[in-house]
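Note sheet for the following structure.
FYI, side chains are in, hydrogens and waters are out, and symmetry mates aren't considered; it's all heavy atoms of this structure. Position 1 is the first residue of the sequence; numbering continues from there.
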Amino acid sequence: MTPDPTLLGVVDDVRGATVSVRLSEDTVSGLSVIEGHAYRIGQVGSFVRIPIGYTDLYGVVSQVGAGAVPENLREEEQYGRRWMTIQLVGEAGRGQPFQRGLAQHPTIDDPVHLLAERDLELLYGSREAADCIEVGRLANAESIPALVNIDRLVTRHSAVVGATGSGKSNTVARILDSIVAGDRFPSARILLLDIHGEYANAFPDSATVFSVDGDNALDVPYWAMTFDELLPLTTGPLEGPERAGVQDKIIELKRAAVTADPREGVSLRTLTVDSPVPFSIHQLWLELHKSVNATHTTPATGQSEATEAFLEENGKVVEKGDPMKVIAPQYEPQRDKAIFLSGSKLNLRRPLEILASRLRDRRLDFLFRPGEWTVEPGGKVGADLDRLLEAWLGGPRPVTILDLSGVPPTTLKTLVGALLRIVYDGLFWGRRLSIGGCERPLLVVLDD
């Protein structure tokens, strides 16, 4: 009888899904040729098959080795007691598709076979599968495509991990290109947050790129953020009365904006500090600066804008302040009993200095001067969030890349979280629309 060239050995020990295999003497060469293909015997990471009746168990080689033998057995086992350890991963009935998990386990002396190339397609799926996309070829069997189940990829959290330089970005680009190539998935929509600016060249014809310092500007209106998202990017963390004071002032500005320009779905009764209503961050800075730093011609109980003691030269006010230019007003110093310090109890001088510095930082213009979403001191704005989300998610190309490579590192983490939350809220509230999450699901890709 012709020996089976795929036979490796027999089961020697079973511990749950971990199986030890005793290799036969015929596998000593470490190389086997089957149907013209050479296979390394016991290669870590290779697949094996254990037939049990009408079911085949499949496992992956995780360890190989050899042990010493007694003197009286050296002629019979001249290469030592060679063994390998496999991890069982699933099973398949004859003529049935492969399934993960085990309904039964092997027993001692069950044969263990090398999985030849002709059998690997059973594990990796058919290239004709309607719910799979091809992303490459198997490294140890180039005739077999590497497939990814698109339904599971889009509807679950997935991760591509590996060491630096191992090809993670190339793999992600290949997967995304397989999704949007051709007309197989006409409703495909992908949002890619690229913090290194390396994906634009991978999708020259299928992606719209928004970047901080590019021709197609990435604008992120600060007023679309929640209060907790906004603070780290503006004043820094606040506690106690200072936090409450800034929160109350933002609500005041948002209420004024809604009163001057009513918006559908927004009322003064339901408005909160987190409502995505435009307000001027520059006006917020100026008014808080005045309340904390101004001097007045009257004591605290009677202070108002009308009592502010602006510094004058030759009968003219030197500087009343400019919110959009982030220029602070100049006040008379408290040099006698006629000039009184501000009665505000808020300790906001340092946070307001931080805010002013960030408002002047040209690197943050995409956030504090976001194009047509910039808010004037009076509360007027050129566009609302529907136009922003339409630009990001409703364009003619299936891939949208938000290039964050020009964002200062200190703001990146908070910004990414805010972007994801804004997009999620848009999809949630628009889920019943034709472009919402039900009919056009969104695949969000994050690159680290």
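Sequence neighbours left out, not one pair with a member in residues 354-386 passes ring-ring contact (aromatic ring centres under 6.0 Å, His included). Residue pairs meeting the ring-ring contact (aromatic ring centres under 6.0 Å, His included) criterion with at least one partner in residues 234-293, sequence neighbours excluded, are Tyr222-Phe279, Trp285-His289.
Interatomic distance, OG1 of Thr55 versus CD of Gln96, reported as 9.5 Å (0.5 Å rounding). Summarising the geometry, atom OG1 belonging to Thr374 is positioned 7.0 Å from atom CG belonging to Asp219; distances are rounded to the nearest 0.5 Å. The line from CG of Leu284 to CG of Leu355 is 6.5 Å long, rounded to the nearest 0.5 Å. Going from atom CD of Gln63 over to atom OG1 of Thr18 covers 10.0 Å, rounded to the nearest 0.5 Å.
Residues passing the side chain to side chain donor-acceptor pair (under 3.5 Å) test with Asp447, sequence neighbours excluded: Tyr199. Partners of Glu390 under the side-chain contact (heavy atoms from CB on, under 4.5 Å) rule, at least two apart in sequence or in another chain, do not exist in this structure. Scored by the side-chain contact (heavy atoms from CB on, under 4.5 Å) test, Arg94 finds Pro51, Tyr54, Asp56 as partners (sequence neighbours excluded). Under the salt bridge (charged side-chain N to carboxylate O under 4.0 Å, His left out) criterion, Asp109 pairs with Arg22, sequence neighbours left out. In this view, Lys345 satisfies the side-chain contact (heavy atoms from CB on, under 4.5 Å) rule with no residue, not counting sequence neighbours. A search for side-chain contact (heavy atoms from CB on, under 4.5 Å) contacts involving Val444 returns Leu420, Leu442, Leu446, not counting sequence neighbours. For Tyr58, the ring-ring contact (aromatic ring centres under 6.0 Å, His included) partners are Phe98, not counting sequence neighbours. Glu376 is linked by a salt bridge (charged side-chain N to carboxylate O under 4.0 Å, His left out) to nothing, counting only residues two or more places apart in sequence or in another chain. Under the salt bridge (charged side-chain N to carboxylate O under 4.0 Å, His left out) criterion, Arg387 pairs with Glu372, not counting sequence neighbours. Among residues two or more places apart in sequence or in another chain, the side chain to side chain donor-acceptor pair (under 3.5 Å) test is passed with Arg174 by Ser178.
Contact check for Leu176 versus Leu192: side-chain heavy atoms found under the 4.5 Å cut-off. A 4.5 Å side-chain heavy-atom check between Arg397 and Phe203 finds every atom pair outside the cut-off. At a threshold of 4.5 Å between non-hydrogen side-chain atoms, the residues Lys249 and Leu288 count as touching. Counting only heavy atoms from C-beta outward, the side chains of Leu191 and Val423 approach each other to under 4.5 Å. When side chains are defined from C-beta on, Ile52 counts as touching Leu57, because their heavy atoms get closer than 4.5 Å. At least one side-chain heavy atom of Leu271 sits less than 4.5 Å from a side-chain heavy atom of Ile251. Side-chain contact between Phe185 and Val180: absent, with no pair of heavy atoms (C-beta onward) separated by less than 4.5 Å. Contact of the Trp392 side chain with the Leu218 side chain is registered, since non-hydrogen atoms from C-beta on lie closer than 4.5 Å.
Annotation: Gln104, atom CD; neighbour count of heavy atoms from other residues, nucleotides and ligands within 6.0 Å is above 12. More than 12 heavy-atom neighbours from other residues, nucleotides or ligands sit within 6.0 angstrom of CZ on Arg421. Taking a 6.0 Å sphere around CG of Asp151, one finds it holds more than 12 heavy atoms contributed by other residues, nucleotides or ligands.
Remark: Glu287 does not engage Lys290 in a salt bridge, criterion side-chain N to carboxylate O under 4.0 Å. Between Asp365 and Arg360 there is no salt bridge, since no side-chain N of the basic residue sits under 4.0 Å from a carboxylate O of the acidic one.
A donor-acceptor pair shorter than 3.5 Å can be found between the side chains of Glu198 and Ser169.
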Checklist entry - Taking it one step at a time, do Arg263 and Asp384 satisfy salt bridge (Lys or Arg N to Asp or Glu O under 4.0 Å)? => result CA-CA 10 Å; Arg263 296 168 178 270; Asp384 210 337; 2.5 Å; yes
Item to check | Intermediate values then yes/no, side chain to side chain contact (heavy atoms under 4.5 Å, CB included), Leu348 and Val246 | outcome: CA-CA 9 Å; Leu348 286 173; Val246 174; 4.1 Å; yes
Checklist entry - Can you list the steps and then say if Leu233 with Met225 is a side chain to side chain contact (heavy atoms under 4.5 Å, CB included)? => result CA-CA 10 Å; Leu233 301 176; Met225 297 181 175; 3.6 Å; yes
Item to check | Derivation and outcome, side chain to side chain contact (heavy atoms under 4.5 Å, CB included), residues Val48 and His113 | outcome: CA-CA 6 Å; Val48 297; His113 294 265; over 6 Å; no
Checklist entry - Please walk me through it: do Asp228 and Arg243 pass salt bridge (Lys or Arg N to Asp or Glu O under 4.0 Å)? => result CA-CA 10 Å; Asp228 288 325; Arg243 179 183 176 90; 2.5 Å; yes
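With hydrogens and angles ignored, the 3.5 Å screen pairs a side-chain donor or acceptor of Glu91 with a backbone N or O of Ala103. No donor-acceptor pair under 3.5 Å is formed between the side chain of Thr414 and the backbone N or O of Thr411.
Smallest separation of non-hydrogen atoms from Gly16 and His105: O-CD2, 3.0 Å.
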